[in-house]
Colleague: 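Take a look at the following structure, please.
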Amino acid sequence: PYMSRALADEWKKLNLYAQQNPTSNVLLQQLMHQGLYPTKLVPIIRELISKPYATILPPGEKLDVYEGEVEDLQRLRNELKEQWEAGKQSLVTSFKEGAFKKNVYNAAFPSYVEVMEKWVYSQAFYSKWKYQHLFTQSKINDSVKAGYEVPIEPFYALLDEYVSLQTALRPLAFTWIQTLKEHVEHALYIRYDEENGVDYHGLLAKTKAAVTGETGTGIASVLARTYPIALLDEFQDTDPLQYDIFSSIYKNVPGTALFMIGDPKQAIYGFRGADIFTYLQARNDAIENKQFRLTTNYRSAPSLLKAVNRFFEYQPDPFRNDGINFPTAVSAFEEQATLCSCFVTDVQVEGRSNKDDVEQRAALLASREIAYQLNVTKEVKAQDIAVLVRENRQALLMKEYLQLVGIKSVVKAKTSVFHSQEAVELSRVLSAILSHSYEPFIKSALTTRMLGMDANDIQNQQIYTDHL
């Protein structure tokens, strides 16, 4: 709550400045155009504060550096208003004459002109409307049919210039966010100091200052003597502050040892400040002959490990990072069950594929394989089969495809039974019973699957009366 309050205070200040300062006004509109309201800014600022080592790119400047560009933006905005009528008339006339390619300037263009006019005469510097580019000189030049000419009006080139200037002003928001982070962090420091409190990040910062400051050597020596051996498990979830603390205590200290155990492929705490590059840095700092790989797996069957190995070896660089490779693992157990793996590679829909296509194809192939195992090989029973998915919607998709091949299944998910279609229909029937004189409830109940009527049945008075 402290951070939200501090950020809300800064947002109020920006709104006040925007009433008097043109740069602040453009900044405020830019933030709102990008959807960066206080509720969206809180997680951004929280992450920046938790990662003092992080740098925002491009690097920020003072807001007054952009005063010249802001003045140009205001000037162009006024000129657009002055030149709009002539530009509009020329475009509308050319459109009526059929001068434009219809796949670009289609039948909806007249309505686009109305939307554009509202923006031109408004006070907004930004617009989320996606067809604004149709009024630029560059787009017009690309869209005129052969043999036609569209009169050149100043508005079109002005809009091109205006859009380019908007792009040049994008760093304005980054600049303010960096300043916002500093102000919020300072406000939090004052609040915690007044209440004698500290947050998780502050605790780490104070600890680092204690072991690296003027008296840090003494504190680090005491800790090293008291705990000569330290073991850091799940080290891939360590952040730079934590690594600096332990390095200050144990690095190059005789008679001590720091064991760091981790797997960069399991790094999942980035939201908390963990940084995979800290792991890579620590590995580079460690002596080569003191690095060990755990390649024997004591948890999984051989066939499962073979499938996992095959999955990650399918691409030569699966993690897109030279510092993270995939060492093949072997099982400590003998094979007890068979496991086969396949890759879904033939997913093409009109020459392209996306995530939904892949998921549907995977569900189709999985359902066919399950049907084959149950109906052809008959080596397994239905109760022996489980399908693992990441999301509830994927489970429902799998259930749908299993139904298509005549296989019943049960979805184990966190969703409530009251959100199921059966519950919704039962609610309609019970509502009709409770309010039996209210015809809309009666009709709604009759169209459920359990009662089986459709719109034609309800219109047929005889069938409708028989059901009642």
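Every heavy atom of this structure was used, including side-chain atoms; hydrogens, water molecules and symmetry mates were not. On a predicted model such as this, the values are computed, not experimentally measured, just so you know.
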Colleague: Would you check if the side chain of T448 reaches a backbone N or O of A445 as a donor-acceptor pair within less than 3.5 Å?
Modeller: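 Yes.
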
Colleague: Quick check: do M398 and S409 have side-chain heavy atoms less than 4.5 Å from each other?
Modeller: no

Colleague: Is there a donor-acceptor pair under 3.5 Å between the side chain of Q29 and the backbone N or O of F125?
Modeller: yes

Colleague: Between E182 and Q178, do the side chains contain a donor N or O and an acceptor N or O under 3.5 Å apart?
Modeller: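 No, no side-chain donor-acceptor pair sits under 3.5 Å.
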
Colleague: Does a side-chain N-to-carboxylate-O contact under 4.0 Å join K13 and E10?
Modeller: yes

Colleague: To the nearest 0.5 Å, what is the distance between NZ (K101) and OG (S143)?
Modeller: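 The distance works out to 6.0 Å.
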
Colleague: If I compare all heavy atoms of V184 with all of A6, which pair ends up nearest, and what's the gap?
Modeller: CG1-CB, 4.2 Å

Colleague: Can you tell me if R75 has over 12 outside heavy atoms packed within less than 6.0 Å of its CZ?
Modeller: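 Yes, because the 6.0 Å sphere around CZ of R75 holds more than 12 heavy atoms from other groups.
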
Colleague: Using side-chain contact (heavy atoms from CB on, under 4.5 Å), reason through Y126 and L31 one step at a time and then give a plain yes or no.
Modeller: CA-CA 10 Å; Y126 294 88; L31 291 169; over 6 Å; no

Colleague: For L374 and A382, work out which heavy atoms get closest and say how close.
Modeller: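 Heavy atoms of L374 and A382 come nearest at CD2-N, 3.5 Å.
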
Colleague: Donor-acceptor check, side chain of S427 to backbone of A423, threshold 3.5 angstrom: yes or no?
Modeller: no

Colleague: Look at atom OH of Y17 and say whether more than 12 heavy atoms of other residues, nucleotides or ligands are closer to it than 6.0 Å.
Modeller: no

Colleague: Tell me, do I276 and I324 make a side-chain contact under 4.5 Å, heavy atoms counted?
Modeller: yes

Colleague: For L180 and L14, run side-chain contact (heavy atoms from CB on, under 4.5 Å): C-alpha distance rounded to whole Å, both residues' side-chain angles, the deciding distance at 0.1 Å, then the answer.
Modeller: CA-CA 10 Å; L180 176 65; L14 178 61; over 6 Å; no

Colleague: Atom CZ of residue position F418 - does it have more than 12 heavy atoms of other residues, nucleotides or ligands inside 6.0 Å?
Modeller: no

Colleague: side-chain contact (heavy atoms from CB on, under 4.5 Å), that's the test. Do I44 and K40 meet it? Break it down for me.
Modeller: CA-CA 7 Å; I44 296 174; K40 295 290 185 181; 5.6 Å; no

Colleague: Nearest 0.5 Å please: distance from the CG atom of L188 over to the CZ atom of R46.
Modeller: 10.0 Å

Colleague: Can you find a heavy atom in the side chain of W84 that is under 4.5 Å from one in the side chain of M116?
Modeller: yes

Colleague: How close do I407 and S367 get, counting heavy atoms only, and between which atoms?
Modeller: CD1-O, 4.5 Å

Colleague: Compare all side-chain heavy atoms of L434 with those of L430 and state whether any distance is below 4.5 angstrom.
Modeller: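 Side chain of L434 against side chain of L430, heavy atoms only: no contact under 4.5 Å found.
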
Colleague: Can you see whether E153 engages Q83 through a side-chain donor-acceptor pair at a distance of less than 3.5 angstrom?
Modeller: no

Colleague: Kindly give the heavy-atom pair with the smallest separation between N321 and G323, and that separation in Å.
Modeller: OD1-N, 2.7 Å

Colleague: Look only at the side chain of E69 and the backbone of L169, and say whether a donor-acceptor pair between them is shorter than 3.5 Å.
Modeller: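 Side chain of E69 to backbone of L169: no pair is present.
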
Colleague: Between CG of L397 and CG of D356, what distance do you get to the nearest 0.5 Å?
Modeller: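 So the gap between those two atoms works out to 9.0 Å.
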
Colleague: Nearest heavy-atom pair of V411 and A395: which atoms, and what distance?
Modeller: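 Result for this residue pair: CG1-CB, 3.7 Å.
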
Colleague: Quick one: does any side-chain atom of Y148 pair with a main-chain N or O of F100 as donor and acceptor, under 3.5 Å?
Modeller: no

Colleague: With a sphere of 6.0 Å drawn around CG of L396, does it hold more than 12 non-hydrogen atoms of other residues, nucleotides or ligands?
Modeller: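 Atom CG in L396 is packed in, count exceeds 12.
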
Colleague: According to ring pair (Phe, Tyr, Trp, His ring centres under 6.0 Å), who are the partners of W119, at least two apart in sequence or on a separate chain?
Modeller: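 Once residues adjacent in sequence are excluded, the partners of W119 under the ring pair (Phe, Tyr, Trp, His ring centres under 6.0 Å) criterion are Y162.
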
Colleague: Would a line drawn from the ring center of Y243 to the ring center of Y279 be shorter than 6.0 Å?
Modeller: no

Colleague: I need the L280 CG to D285 CG distance, nearest 0.5 Å.
Modeller: 11.0 Å

Colleague: Identify every side-chain donor-acceptor pair in residues 127-136 under 3.5 Å, counting partners at least two apart or on other chains, and give the distances.
Modeller:
| unit_1 | atom_1 | unit_2 | atom_2 | d |
| --- | --- | --- | --- | --- |
| S127 | OG | W129 | N | 3.2 |
| H133 | ND1 | K130 | O | 3.1 |
| T136 | OG1 | H133 | O | 2.7 |
| T136 | OG1 | S138 | OG | 3.4 |
| T136 | OG1 | K139 | N | 3.4 |

Colleague: Find out whether I140 and Y105 are in side-chain contact, i.e. whether some heavy atom of one side chain is under 4.5 Å from a heavy atom of the other.
Modeller: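 SC-SC contact between I140 and Y105 confirmed.
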
Colleague: Working to the nearest 0.5 angstrom, can you tell me the gap between D9 CG and S4 OG?
Modeller: 11.0 Å

Colleague: Any idea which heavy atoms bring M450 and E425 closest together, and the distance?
Modeller: N-OE1, 3.9 Å

Colleague: Taking side chain as C-beta onward, heavy atoms only, is V120 less than 4.5 Å from F155?
Modeller: yes

Colleague: State whether the number of non-hydrogen atoms from other residues, nucleotides or ligands found under 6.0 Å of D317 atom CG is greater than 12.
Modeller: yes

Colleague: Any donor and acceptor pair, going by atom type alone, linking the side chain of T179 with main-chain N or O of T175 inside 3.5 Å?
Modeller: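 Such a contact is found between T179 side chain and T175 backbone.
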
Colleague: Are any side-chain N or O atoms of D160 and backbone N or O atoms of Q137, one a donor and one an acceptor, separated by less than 3.5 Å?
Modeller: yes

Colleague: Is the shortest heavy-atom distance from the side chain of V92 to the side chain of P110 under 4.5 Å?
Modeller: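 No, too far: nothing below the 4.5 Å cut-off.
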
Colleague: Please check if any side-chain donor atom of Y401 sits under 3.5 Å from a side-chain acceptor atom of Q360, or the reverse.
Modeller: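 Yes, a side-chain donor-acceptor pair sits under 3.5 Å.
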
Colleague: Go through the steps to decide whether L172 and T23 satisfy the test side-chain contact (heavy atoms from CB on, under 4.5 Å), and finish with yes or no.
Modeller: CA-CA 9 Å; L172 187 63; T23 302; 4.1 Å; yes

Colleague: Quick check against the 3.5 Å criterion: does Q394 have a side-chain atom that pairs as donor or acceptor with the backbone of R390?
Modeller: yes

Colleague: Does the plane of the ring in Y438 sit parallel, tilted or perpendicular to the ring in F441? Use 30° and 60° as the thresholds.
Modeller: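 Y438 and F441: perpendicular rings.
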
Colleague: Can you find a pair of side-chain heavy atoms, one from I45 and one from I177, that are under 4.5 Å apart?
Modeller: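 The answer is yes; the side chains approach within 4.5 Å.
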
Colleague: Looking at R170, I want to see if its CZ is surrounded by more than 12 non-hydrogen atoms of other residues, nucleotides or ligands under 6.0 Å.
Modeller: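 It does not: R170 CZ has 12 such atoms or fewer within range.
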
Colleague: What distance separates E369 CD from I385 CD1, expressed to the nearest 0.5 Å?
Modeller: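 The CD atom of E369 sits 9.0 Å away from the CD1 atom of I385.
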
Colleague: Step through the shown structure and confirm whether more than 12 heavy atoms of other residues, nucleotides or ligands are within 6.0 Å of NZ on K81.
Modeller: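 Enclosed.
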
Colleague: Other residues, nucleotides and ligands only: do more than 12 of their heavy atoms fall within 6.0 Å of CD on E391?
Modeller: yes

Colleague: With under 30° as parallel and over 60° as perpendicular, where do the rings of W176 and W11 fit, or are they tilted in between?
Modeller: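 Perpendicular: the ring planes of W176 and W11 meet at over 60°.
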
Colleague: Report yes or no: does T447 contribute a side-chain atom to a donor-acceptor pair with the main-chain N or O of S444 at less than 3.5 Å?
Modeller: yes

Colleague: Counting N and O atoms only, with roles assigned by atom type, does the side chain of S94 sit under 3.5 Å from a partner on the main chain of L91, one being a donor and the other an acceptor?
Modeller: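 The answer is no, because no donor-acceptor pair under 3.5 Å joins these two groups.
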
